[in-house]
Asker: 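This is the structure I want to talk about, given as structure tokens.
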Protein chains: 2
Amino acid sequence: MARSTPSTRERIQEVALEMFARQGVQRTSLQDIANRLGITKPALYYHFSSRDDLVRSIVNPLIQEGEELVARHEQRDPVVVSELLEDYFDFHYRHREKLMLVLTELRILGEIESIDAALDWRRRLVGLVFGPEPTLDQAARAIMAFGGIQDCCLQLPDAPHQRLRTAAVDAALTVLGAAA
Amino acid sequence: MARSTPSTRERIQEVALEMFARQGVQRTSLQDIANRLGITKPALYYHFSSRDDLVRSIVNPLIQEGEELVARHEQRDPVVVSELLEDYFDFHYRHREKLMLVLTELRILGEIESIDAALDWRRRLVGLVFGPEPTLDQAARAIMAFGGIQDCCLQLPDAPHQRLRTAAVDAALTVLGAAA
DNA sequence: GTCTATATGCGGATAGAC
DNA sequence: GTCTATCCGCATATAGAC
């Protein structure tokens, strides 16, 4: 983390993320972002070809990293569910600011054509725990476990990291365990 | 359900809900809605004083009904958790189209100043199960249980109603039970 | 890589006639 | 209750100079 002077491109992403999170994507104009940085709109267009391009550049690395997480666990044999849940928690906790953005404005996933990737990601997570053809009961429990870990990260942001991690993962293991 | 010819006001709400759900609130202009109904924008303004007013008119009854559900269970002594969860499921299942709208665009709750009501609602639900000062572990489990029921309704829309109800409520009881 | 200047269009909203 | 006409503002986006 050298934190050398960030490039203009990176500064734009930083400020955009902060403003998107605070006042919403749609309500944040490129003008706003440019003003905040002391540059002009055309300068912004030099770095990002459109508004969606900017949003994509912020969200895509997240999707990428999530996919890698799943791929890593898919290669394990056997799958260790508790470690999967822990990694899943850490991923969400680490990126909770960006995730808050995505989840309070889920629609943007569709707008940047990433909705399919997100759905596929969910499907593969369930597959890791219950195989490719889960029963309805198993599907419900998987939704509750993974969704719940996500929600814990976002709804209890002030809780101490390690205690929250234990609480969330334990709760998830409880739901999953009763159907294993 | 007389389904007499709906008033223009009701037809606007119907069409708006359908378009909001399909293409998003922000991307649906009053012009779009008016065109679809074969009327003009000013005609729309006769029925709703602003765009937010229209959104509010669609979402508010939902919030209202949710509050009534919580209030009803708050008056019970003792609280019967399984029945609370069943009512909670039925509420979400019945209104899943509108809820999909709200949850894929959570930001709109802030825009119509209903975010506080929504947060308070969650807080009271947790209180019904674990009292006013839940531990972190209990809070995590409550988030997982209530959030999970919600997610099941929205993510498994094709599942048979009764089987889904049983699966979701059972799973929720499992998480809550282990901390009761 | 950043600027000035500007084109263009759409969205919300209102006035006032029918 | 619905229309025509219109205002205003802002957003996206481009051209071309420095």
Side-chain angles (χ1 to χ4, degrees), chain A residues 2-60 101 104-105 107-114, chain B residues 3-60 101-102 104-105 107-114:
Chain A
R3 188 148 284 298
S4 55
T5 33
S7 67
T8 302
R9 186 184 160 89
E10 286 163 345
R11 288 175 56 229
I12 293 171
Q13 289 173 321
E14 242 172 71
V15 169
L17 172 57
E18 199 261 312
M19 299 186 78
F20 285 163
R22 189 157 38 80
Q23 52 184 273
V25 175
Q26 317 271 0
R27 293 181 103 91
T28 304
S29 70
L30 299 187
Q31 186 73 75
D32 291 337
I33 298 170
N35 287 346
R36 176 74 165 275
L37 284 161
I39 64 175
T40 58
K41 260 194 299 182
L44 229 164
Y45 272 92
Y46 173 79
H47 296 281
F48 299 96
S49 65
S50 74
R51 179 204 188 67
D52 277 2
D53 187 37
L54 172 56
V55 175
R56 250 190 295 269
S57 83
I58 294 175
V59 175
N60 274 350
L101 173 76
T104 55
E105 239 150 325
R107 189 83 52 172
I108 67 173
L109 279 181
E111 281 161 18
I112 63 174
E113 291 102 40
S114 299
Chain B
R3 189 148 284 300
S4 55
T5 32
S7 67
T8 302
R9 186 185 160 88
E10 285 164 345
R11 287 175 58 229
I12 293 172
Q13 289 173 322
E14 240 172 72
V15 168
L17 172 58
E18 198 262 312
M19 296 186 82
F20 285 162
R22 188 156 40 79
Q23 51 183 283
V25 176
Q26 318 268 4
R27 293 180 101 90
T28 304
S29 67
L30 298 186
Q31 186 73 76
D32 290 337
I33 298 170
N35 287 347
R36 176 72 165 276
L37 284 162
I39 63 177
T40 59
K41 260 196 298 182
L44 235 165
Y45 272 92
Y46 174 80
H47 296 279
F48 299 95
S49 65
S50 74
R51 178 207 184 64
D52 277 1
D53 187 38
L54 171 57
V55 175
R56 249 190 297 270
S57 83
I58 294 175
V59 175
N60 273 351
L101 173 78
V102 174
T104 56
E105 239 151 324
R107 186 85 50 176
I108 66 172
L109 280 181
E111 281 161 20
I112 62 173
E113 291 104 39
S114 299

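Because only heavy atoms are used, hydrogens play no part in the values below, and waters and symmetry mates are left out as well, while side chains stay in. Naming: A, B, ... by sequence-line order, numbering from 1 per chain.
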Asker: Tell me, which of residues 15-24 of chain B have any heavy atom that sits under 4.0 Å from an atom in DNA chain D?
Answerer: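 None - not one residue of the stretch has a heavy atom sitting under 4.0 Å from the strand.
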Asker: Are the charged groups of B:E18 and B:R22 less than 4.0 angstrom apart, N to O?
Answerer: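 Looking at B:E18 and B:R22, the cut-off is met.
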Asker: Atom CG of B:D32 and atom P of C:dG12: how far apart are they, to the nearest Å?
Answerer: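 The answer, rounded to whole Å, is 8 Å.
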Asker: Say whether, by atom type as modelled, one donor and one acceptor occur between the side chain of A:N35 and the main chain of A:D32 under 3.5 angstrom.
Answerer: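 Answer holds: no.
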Asker: Measure from the side-chain N and O atoms of A:N60 to the backbone N and O of A:S57, and report whether any donor-acceptor pair falls under 3.5 Å.
Answerer: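 No; judged by distance alone, with no hydrogens or angles, the pair does not exist.
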Asker: Quick one: which of B:I33, B:L54, B:L30 gives a side chain to side chain contact (heavy atoms under 4.5 Å, CB included) with B:F48?
Answerer: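 Going through the options one by one, the only one that passes is B:L54.
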Asker: What is the distance, rounded to the nearest whole Å, between atom CD of A:Q26 and atom C1' of C:dC10?
Answerer: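 Rounded to whole Å, this separation is 14 Å.
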Asker: Looking at every heavy atom in both A:K41 and A:A34, which two are closest together, and how far apart are they?
Answerer: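 That would be N-CB, 3.8 Å.
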Asker: Before giving the answer on side-chain contact (heavy atoms from CB on, under 4.5 Å), spell out for B:L44 and B:L37 the whole-Å C-alpha distance, their side-chain angles and the decisive distance to 0.1 Å.
Answerer: CA-CA 10 Å; B:L44 235 165; B:L37 284 162; 5.8 Å; no
Asker: Tell me, for nucleotides 4-9 of chain C in 5' to 3' order, what letter each nucleotide earns: B for a base near a protein heavy atom under 4.0 Å, S for only sugar-phosphate near one, - for neither?
Answerer: BB----
Asker: Has A:D53 got a side-chain atom pairing as donor or acceptor with A:S49's backbone, closer than 3.5 angstrom?
Answerer: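 Here the side-chain-to-backbone pair exists.
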Asker: First contact, last contact: which nucleotides of DNA chain D are these for chain B, 5' to 3', heavy-atom distance under 4.0 Å?
Answerer: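 Contact boundaries, 5' end first: D:dG1 to D:dA5.
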Asker: Looking at B:V25, is its backbone amide N or carbonyl O close enough to the side chain of A:R107 to form a donor-acceptor pair, meaning the two atoms are under 3.5 Å apart?
Answerer: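 Absent.
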Asker: Which heavy atom of B:I58 sits nearest a heavy atom of B:Q13, and at what distance?
Answerer: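 What the structure gives for the nearest pair is CD1-O, 3.9 Å.
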Asker: Could you give the OH-to-C1' distance, from B:Y46 to C:dA15, as a whole number of Å?
Answerer: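 One finds 16 Å between C1' of C:dA15 and OH of B:Y46, rounded.
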Asker: Is it the case that the side chain of B:R9 and the backbone of B:H47 share a donor-acceptor pair, with hydrogens and angles ignored and the cut-off at 3.5 Å?
Answerer: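 Answer holds: yes.
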